[in-house]
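All values reported here derive from a predicted model rather than from experimental measurement.
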Amino acid sequence: QVQLVESGGGSVQAGGSLRLSCAASGYTYSTSCWGWFRQAPGKEREGVAVINSGGGTTYYADSVKGRFTISRDNSKNTLYLQMNSLKPEDTAMYYCAATMNLCYSSSYYNFRRQYSYWGQGTQVTVSS
């Protein structure tokens, strides 16, 4: 089992920055693909960014490309999401997720696949 705990959410004005963290514990060596997802009120959950366990390959939703950066520190078993130039439409609950299976080679499938492990979420609110 793998446990995931997100932190770093909060309220910020448009144009500001936040860094989300996702601390992993348990059998983390078994996980191969990690991602950040978000869900706004009344909307479906959507993929934001995905990274392989080695940290060398990343995938982003078009809406966050150039503004968000996903990274992973394997020595700390922690996943990060650096969010810059935040917009009101980025307001959502953000979740990290992980799977034992390898990442696919496309954002489309990485954002729609099943993930075995999920965190409880951290709220991000961006005001205009």
Side-chain angles (χ1 to χ4, degrees):
Q1 287 291 328
V2 175
Q3 294 78 41
L4 304 176
V5 179
E6 302 97 334
S7 62
S11 297
V12 65
Q13 289 191 328
S17 299
L18 284 173
R19 188 175 83 154
L20 305 183
S21 298
C22 174
S25 60
Y27 293 104
T28 59
Y29 64 86
S30 66
T31 52
S32 297
C33 191
W34 297 75
W36 286 99
F37 294 78
R38 66 186 181 186
Q39 187 167 18
K43 294 187 177 181
E44 292 187 353
R45 186 176 63 199
E46 63 175 354
V48 176
V50 167
I51 189 169
N52 66 345
S53 59
T57 306
T58 57
Y59 306 87
Y60 294 95
D62 289 342
S63 59
V64 306
K65 279 181 181 176
R67 300 188 299 122
F68 290 11
T69 302
I70 188 172
S71 62
R72 176 162 168 75
D73 186 336
N74 289 328
S75 67
K76 297 180 179 179
N77 281 333
T78 302
L79 180 72
Y80 300 101
L81 184 68
Q82 178 66 43
M83 305 186 295
N84 298 328
S85 302
L86 283 161
K87 304 175 180 180
E89 50 264 43
D90 294 318
T91 295
M93 184 72 78
Y94 283 71
Y95 301 90
C96 67
T99 176
M100 295 181 288
N101 299 310
L102 296 174
C103 291
Y104 291 111
S105 58
S106 78
S107 300
Y108 180 89
Y109 291 111
N110 284 322
F111 291 158
R112 288 161 178 80
R113 71 180 307 165
Q114 293 292 324
Y115 284 81
S116 303
Y117 309 107
W118 290 87
Q120 83 290 347
T122 186
Q123 178 68 38
V124 171
T125 302
V126 184
S127 59
S128 58

Please report the interatomic distance OG1(Thr69) to CE(Met83), rounded to the nearest 0.5 Å. 11.0 Å
If you round to the nearest 0.5 Å, how far is CG of Leu18 from OG of Ser11? 8.5 Å
Which residue pairs pass the side chain to side chain donor-acceptor pair (under 3.5 Å) test when at least one of the two sits in residues 13-26, sequence neighbours left out? Gln3-Ser25, Ser17-Asn84
Check step by step if side chain to side chain contact (heavy atoms under 4.5 Å, CB included) holds for Asn77 and Arg72. CA-CA 8 Å; Asn77 281 333; Arg72 176 162 168 75; 3.9 Å; yes
Minimum heavy-atom separation for Lys76 to Thr78, with atom names? O-OG1, 2.9 Å
Tell me whether Leu79 is reachable from Trp118 by hopping between hydrophobic residues (I, L, V, M, F, W, Y) whose side-chain heavy atoms are closer than 4.5 Å. no
Linking directly or through intermediates, with side-chain heavy atoms under 4.5 Å: list the remaining ILVMFWY members grouped with Tyr109, chain and number order. Tyr104, Tyr108
Trp34 and Leu4, any side-chain heavy atoms less than 4.5 Å apart: yes
Residues forming a side chain to side chain contact (heavy atoms under 4.5 Å, CB included) with Ser32, sequence neighbours excluded: Leu102
Taking the side chain as everything from C-beta on, heavy atoms only, tell me whether Trp36 gets closer than 4.5 Å to Val64. no
Pairs under 3.5 angstrom only: tabulate donor-acceptor contacts from the side chains of residues 85-93 to other protein residues two or more places apart or in another chain.
from	atom 1	to	atom 2	distance (Å)
Asp90	OD1	Arg38	NH1	2.9
Asp90	OD1	Arg67	NH2	3.0
Asp90	OD2	Arg67	NH1	2.8
Asp90	OD2	Arg67	NH2	3.4
Asp90	OD2	Lys87	N	2.8
Thr91	OG1	Pro88	O	2.9
Thr91	OG1	Val126	N	2.8
Thr91	OG1	Val126	O	3.4

Working note: Tyr27 + Met100, criterion side chain to side chain contact (heavy atoms under 4.5 Å, CB included); need CA distance, chi angles, decisive distance, verdict. CA-CA 10 Å; Tyr27 293 104; Met100 295 181 288; over 6 Å; no
Using a 4.5 Å cut-off on heavy atoms from C-beta on, say whether the side chain of Asn52 contacts that of Tyr59. no
One should read off an interatomic distance between Leu81 CG and Ser71 OG, to the nearest 0.5 angstrom, of 8.5 Å
Side chain to side chain contact (heavy atoms under 4.5 Å, CB included) between Asn101 and Arg113: does it pass, once the steps are laid out? CA-CA 10 Å; Asn101 299 310; Arg113 71 180 307 165; 3.0 Å; yes
May I ask you to decide if the ring planes of Phe111 and Phe37 are parallel, tilted or perpendicular, using 30° and 60° as cut-offs? perpendicular
Kindly give the cluster partners of Tyr80, where membership spreads through any ILVMFWY side chain lying under 4.5 Å from a current member. none
Spacing of Arg45 atom CZ and Tyr95 atom OH [to the nearest 0.5 Å]: 8.5 Å
When you measure from the side chain of Asn74 to the backbone N and O of Gly54, does any donor-acceptor pair fall under 3.5 Å? no
For Ile70, is there any backbone N or O sitting under 3.5 Å from a side-chain donor or acceptor partner on Tyr60? yes
Tell me the disulfide bond (SG atoms under 2.5 Å apart) pairs involving residues 73-128, sequence neighbours left out? Cys22-Cys96, Cys33-Cys103
Leu20 and Val124: CA distance, side-chain angles, deciding distance, side chain to side chain contact (heavy atoms under 4.5 Å, CB included) verdict: CA-CA 9 Å; Leu20 305 183; Val124 171; 4.0 Å; yes
